[in-house]
Amino acid sequence: MRSGTLYLGIVPDYKPQIVEGKWQQRWRDSRAFEVSEDPDKPKFYCLEMFAYPSGHAHVGHVRNYMIGDVVARMKRMRGFNVLHPFGWDAFGLPAENAAIKNNTHPETWTLENIAHMKGQLQRIGISYAWEREIATCLPEYYHWNQWLFLKMLERDLAYRKRSNVNWCPSCNTVLANEQVIDGACWRCGTTVTTRELEQWVLRITHYADELLESAKDLPGWPEKVLTMQRNWIGRSEGARVKFQLVSELASPEQELEVFTTRIDTIFGATFVLLAPEHPLVQAWSELPGAEAFRRDMERFRAQDRTGRMTGEIEKEGFDTGRTALNPFTKQPVPVWVANFVLGEYGTGAVMGVPAHDQRDFEFATKYQLPIVRVVAADEAASAAADVTPMTEAYDGPGKLVGSGEFTGLAVDAAIDRMSAFAEQQGFGQRTVQYRLKDWGISRQRYWGTPIPVVYCDKCGMVPVPSDSLPVLLPKVAEFSGRGDSPLAQIPEFVNTTCPDCEGPARRETDTMDTFVDSSWYFFRFCDPQNTELPFDPDKVGYWGPVDFYSGGVEHAILHLIYSRFFARVFRDLGMTTISEPFTRLLTQGMVLKDGQVMSKSKGNVVDPDDMIRQFGADALRLYVMFVAPPEKEIEWTDSGLEGSWRFLARVWRLVDHLCETVGGKGIPAPDEVELNDAERALRRKTHDTIRRVTTDLDPRVHLNTAVSGLMELVNELYAFCGRTECLKIGQHPDAIPADGAVERAGTIAVLKEAVEALVRMLSPFAPHMTEELWEMLGHVDGIVVSGWPAFDEEVARLEEVVIPVQVNGKVRARLTVAAGTAEDRLRELAVADPQVAKHLEGKTVKKVVVAGGRLVSIVVS
RNA sequence: GCGAAAGUGGCGGAACUGGCAGACGCGCCGGACUUAGGAUCCGGUGGCCGAAAGGCCGUGGGGGUUCGACUCCCCCCUUUCGCACCA
């Protein structure tokens with residue numbers, strides 16, 4: 001043996017494959033992660049966004065589950081009653097497409113994928129309460145989608161509406177606004193077109209204001225996500241203003257209403273613009289002799305929807321030949337149809353103020369409509385306004401000109417006064433407009449929840465009574481991938497009897513958007529087997545809301561806004577008191593390989609099972625947690641994984657080497673024995689590490705720095721053992737010369753404390769290996785119940801501190817002094833230090849600052 | 001165009017409230033042990049000058065505040081993300 005080293009001649013075997021199988025089996029057998037409500041313990045609901053069972057989970061997917069598992073295991077050790085469930089977002093289009101392609105049934109495909117992926121997660125050692133597993137494609141689950149739909153119908157939160165909807169020609173189905181990304185289908189990327197369809201809609205706008213207000217302050221959510229939600233809801237305050245139609249040809253409707261946020265500019269309104277979809281435009285197009293009108297209208301309506309939405313298409317319009325009276329000026333203005341006016345926003349009609357709106361300016365320039373300036377930045381601009389032609393619209397602050405009795409008012413005051421005036425006169429109304437639209441949930445596909453209504457010739461639309469639920473999805477259907485809903489092609493399903501009159505009736509053949517399934521599954525986990533209700537309010541009362549929720553940022557709007565909506569619906573049904581379902585939200589970064597997002601289609605996926613075979617699940621988990629903060633994307637490297645494996649093997653060897661020394665009973669606690677300097681230093685490091693790792697995990701969730709803290713402790717332990725003669729391999733402490741019995745007891749005591757703290761704190765990251773080590777250290781009860789190590793502030797406090805001394809901002813020396821040395825003394829020592837003195841030579845000391853007792857700063861000139 | 005976040009060694013990343021920049025790991029270099037070692041243990045590793053002691057420079061660029069700035073303020077550059085004719 002060489003002195004000064006811990007040389008382990010025989011490398012003890014760290015065989016993750018054996019250890020991991022053993023503990024996964026034990027956890028299963030002991031139902032280690034199953035929980036029930038326990039009012040005596042604080043609860044913690046830890047959830048990762050459940051999975052779409054696409055087939056095989058790759059490392060990019062499982063990163064999320066690993067993050068959640070570290071949090072869940074840590075909280076469990078810290079004494080919380082932890083609910084950590086998992087399930088499957090199992091309805092959806094890929095199953096149907098796979099069915100078409102492979103001539104199988106979506107259910108078969110889905111259930112096989114679930115079985116495989118469940119195995120993958122179990123091999124990673126995620127501590128799920130598997131007895132609560134749910135799959136949304138099973139009647140036990142979608143029954144309650146239907147139940148909730150009926151409740152929403154009763155409360156007028158669900159309604160049927162004929163409108164232009166987003167249509168994905170590839171998926172052959174409708175998409176919600178949230179599901180159109182840059183004009184393309186969120187799932188397949190095909191350019192979305194428009195169709196006019198009658199479909200079921202959920203009134204999310206009922207909660208628009210509340211969703212927006214709460215999104216201003218959800219302290220546990222990333223600011224980025226909140227901003228996205230606020231923008232999506234898009235509140236604007238303004239006014240609706242009525243313009244009287246004066247044309248002889250005017251339809252029976254004698255007025256049209258515009259929405260504006262800038263009523264102060266209304267004296268500059270020189271025309272009115274209607275969306276091609278506006279009802280008046282439709283009505284006029286149907287009048288005799290309106291062929292040309294109709295042709296233009298149709299042309300605009302057929303224009304690419306996203307082009308119109310994003311401004312890529314040139315602004316175009318045509319004169320309707322009608323005029324309307326500006327209610328403020330009483331002057332007639334022409335009414336035009338314009339392709340850039342959106343039918344579904346506001347009233348589908350706007351006033352054209354070319355002087356103060358760039359879009360109107362361009363339109364007016366193109367069609368030579370008058371431009372009248374009514375807001376001036378200052379006096380000079382006001383004077384110049386009449387003579388200088390504008391080159392662009394002015395939308396800055398200023399005072400009104402040429403606006404009758406409102407002339408001279410500042411913009412904000414004018415908006416206020418003019419809105420009030422319009423209300424008083426009865427031609428206007430202050431109003432709040434949202435960008436958020438009600439959520440269309442009808443999908444013309446098979447693999448989803450049947451919408452529980454029937455259509456009867458006599459009674460019209462009739463909801464299926466709750467006691468007849470669930471409306472089962474029939475097993476057999478044609479999956480041609482063409483035409484209308486596959487359900488429409490199954491007569492046995494379609495033809496039914498009316499619940500009211502018992503006459504013949506047809507079932508609704510559309511299914512629900514799968515985002516309905518995922519909007520409330522977190523409540524179902526609290527009571528997954530309930531056959532009477534979606535969940536027992538008491539159980540959700542105990543577990544809810546979700547304390548820690550993690551998943552991809554791609555759901556920042558879709559899933560996360562729908563869930564906030566549904567939580568409020570359940571609340572208003574009296575079933576919960578929860579408004580915000582997710583207290584803390586972590587959006588995990590993606591995993592890249594070769595600079596690209598890991599995905600099956602790119603062929604760059606890393607299968608966790610391959611990594612587990614080589615290095616074990618613990619090494620995989622540790623690597624993914626260590627390589628970067630959880631929110632950041634990471635670039636996969638094999639060498640990084642190997643490094644984590646090496647670290648675990650290093651811990652294994654250390655504990656294996658020490659377990660006979662520090663394992664078992666009868667070892668005194670460190671504060672019961674006398675400690676030498678080295679022992680006190682190790683103890684200090686131990687407690688400092690506990691403090692750091694604990695706060696890094698909770699509440700910070702800085703998993704990467706928590707791991708690095710543990711690595712430092714391991715390095716310290718190796719160094720300590722290397723310096724300690726009695727710890728050379730092959731020499732049991734009993735065989736050590738007896739010149740330091742007390743010292744040896746201290747060594748054993750501090751080592752035991754350090755090693756046990758290390759193993760326990762490592763266990764959320766590497767649960768299998770640490771269970772095994774914990775057992776090797778002589779513990780009978782699992783590490784899961786061992787508790788989290790406590791740290792002692794007193795012990796962690798340094799006895800000696802190093803104080804850097806700066807001269808003009810540069811560190812010139814370091815003083816080693818007793819902790820708590822008085823500031824005056826520090827000043828003396830600093831100035832007297834030879835290195836410092838060198839830099840003070842020939843100069844005048846102007847000031848000596850002692851900052852918080854941690855640093856001395858000397859200013860010279 | 002608007003909004004947000006970010007920019008630190010060869011690489012991933014630390015630095016929590018303005019107080020020792022580069023923790024920890026990867027990679028690389030050296031040593032020990034060895035028949036051998038891609039294992040293991042120990043050490044080194046921002047750049048430049050220097051044998052060393054030490055010195056100078058250094059957190060995208062430029063300015064500012066401060067005894068002291070990766071951190072705060074102003075301007076600019078770059079990247080990523082989100083929104084994008086919403087009247």
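Computed from a predicted structure; not experimentally measured. Letters A, B, ... mirror the listed sequences (proteins, then strands); counts begin at 1.
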### Query
What is the pairing partner of rA14(B), taking Watson-Crick or G-U wobble pairs with both distances under 3.5 Å in any strand?
none

### Query
With a non-hydrogen cut-off below 4.0 angstrom, is Gly643(A) in contact with a base, only sugar-phosphate, or nothing?
sugar-phosphate

### Task
Looking at every strand, decide which applies to Asn231(A) at a 4.0 Å heavy-atom threshold: base, sugar-phosphate, or nothing.
nothing

### Query
What class does the angle between the rings of Trp652(A) and Tyr14(A) fall in, given that below 30° is parallel, 30 to 60° is tilted and above 60° is perpendicular?
tilted

### Message
So if I take every side-chain heavy atom of Tyr718(A) and compare against rG54(B), rC67(B), rC41(B), which nucleotide ends up nearest?
### Response
rC41(B)

### Query
Looking across every strand, which nucleic acid part, if any, lies under 4.0 Å from Lys846(A) by heavy atom: base, sugar-phosphate, or nothing?
nothing

### Task
Examine the side chains of Tyr345(A) and Ser236(A) and answer whether a donor and an acceptor come within less than 3.5 Å of each other.
yes

#### Entry: Separation between the C1' atoms of rA84(B) and rA14(B), rounded to whole Å
37 Å

### Query
Using atom C1' of each nucleotide, how far apart are rA23(B) and rC73(B) to the nearest Å?
29 Å

### Query
Any side-chain N or O of Arg692(A) under 4.0 Å from OP1/OP2 of rA14(B)?
no

### Query
OP1 or OP2 of rC42(B) sitting under 4.0 Å from any side-chain N/O of Arg650(A)?
yes

### Query
Within less than 4.0 Å of OP1 or OP2 of rA87(B), is there a side-chain N or O belonging to Tyr345(A)?
yes

### Query
Using purine N1 to pyrimidine N3 plus N6-O4 or O6-N4 for Watson-Crick, or N1-O2 and O6-N3 for G-U wobble, each under 3.5 Å, what pairs with rU71(B)?
none

### Message
Just N and O in the side chain of Tyr434(A): are any of them under 4.0 Å from OP1 or OP2 of rC86(B)?
### Response
no

#### Entry: Pairwise C1' distance for rU71(B) and rG7(B), with rounding to whole Å
14 Å

### Query
Say you pick atom P in rC26(B) and the same atom in rC16(B); how far apart are they, in whole Å?
24 Å

#### Entry: Donor-acceptor pair under 3.5 Å, Arg359(A) side chain vs rA87(B) base
yes

### Task
Verify the contact: side-chain N or O of His702(A) to OP1 or OP2 of rG13(B), cut-off strictly under 4.0 Å; return yes or no.
no

### Summary
Any strand, both distances under 3.5 Å, Watson-Crick or G-U wobble: rG43(B) pairs with rC29(B)

### Message
Categorize Val350(A) for me: base, sugar-phosphate, or nothing, with a 4.0 angstrom heavy-atom threshold over every strand shown.
### Response
base

### Message
Taking rU66(B) as the reference, what is the distance to rC29(B) when you measure between their C1' atoms (whole Å, please)?
### Response
41 Å

### Query
What does His356(A) touch in the nucleic acid at a heavy-atom separation under 4.0 angstrom: a base, only the sugar-phosphate, or nothing?
nothing

### Task
Would you kindly check if the NZ (Lys) or CZ (Arg) of Lys242(A) is within the cone defined by 45 degrees around the ring axis of Phe427(A) and under 6.0 Å from the six-membered ring centre?
no

#### Entry: Distance below 4.0 Å between Lys224(A) side-chain N/O and rG82(B) OP1 or OP2
no

### Task
Check whether any side-chain N or O of Lys810(A) sits under 4.0 Å from OP1 or OP2 of rC57(B), and answer yes or no.
yes

### Summary
In whole angstroms, the gap separating C1' of rG25(B) from CZ of Phe615(A) amounts to 15 Å

#### Entry: Gap between atoms CG and P, on Leu342(A) and rA84(B) respectively (whole Å)
11 Å

### Message
So Gln806(A), base contact, sugar-phosphate only, or nothing? Heavy-atom distance under 4.0 Å.
### Response
base

### Summary
Glu633(A) atom CD is separated from rC11(B) atom C1', nearest whole Å, by 15 Å

### Task
Give a yes or no on whether the ring-centroid distance for Phe626(A) and Phe647(A) is below 6.0 angstrom.
no

### Query
Distance between the P atoms of rG50(B) and rG37(B), in whole angstroms?
35 Å

### Query
Under 6.0 Å between ring centres, would you say that holds for Tyr562(A) and Trp439(A)?
yes

#### Entry: N/O (side chain, Ser236(A)) to phosphate O (OP1/OP2, rA87(B)) under 4.0 Å
yes

### Task
Name the nucleic acid region contacted by Val341(A), choosing base, sugar-phosphate or nothing; use a 4.0 angstrom heavy-atom cut-off, strictly under.
base

### Query
Of Pro804(A) and Thr261(A), whose nearest nucleotide on RNA chain B comes first from the 5' end?
Pro804(A)

### Task
Answer yes or no: does a side-chain N or O of Arg812(A) lie under 4.0 Å from OP1 or OP2 of rC56(B)?
yes

### Query
Does Arg646(A) put a side-chain nitrogen or oxygen below 4.0 Å from OP1 or OP2 of rC26(B)?
yes

#### Entry: Heavy atoms of other groups near Glu223(A) CD, more than 12 under 6.0 Å
yes

### Task
Verify the contact: side-chain N or O of Asn704(A) to OP1 or OP2 of rA23(B), cut-off strictly under 4.0 Å; return yes or no.
no

### Message
Does rG12(B) have its OP1 or OP2 closer than 4.0 Å to a side-chain nitrogen or oxygen of Lys632(A)?
### Response
no

### Task
Classify the ring geometry between His555(A) and His559(A) as parallel (under 30°), tilted (30 to 60°) or perpendicular (over 60°).
perpendicular

### Interatomic distance at P, rG62(B) relative to rC67(B), whole Å
23 Å

### Task
Select from Asn808(A) and Trp232(A) the residue whose nearest nucleotide in RNA chain B is closer to the 5' end of that strand.
Asn808(A)

#### Entry: Opposite nucleotide pairing with rA84(B), Watson-Crick or G-U, both atom distances under 3.5 Å
none

### Message
Students often mix this up, so state it plainly: with edges at 30° and 60°, are the rings of Trp636(A) and Tyr623(A) parallel, tilted or perpendicular?
### Response
perpendicular

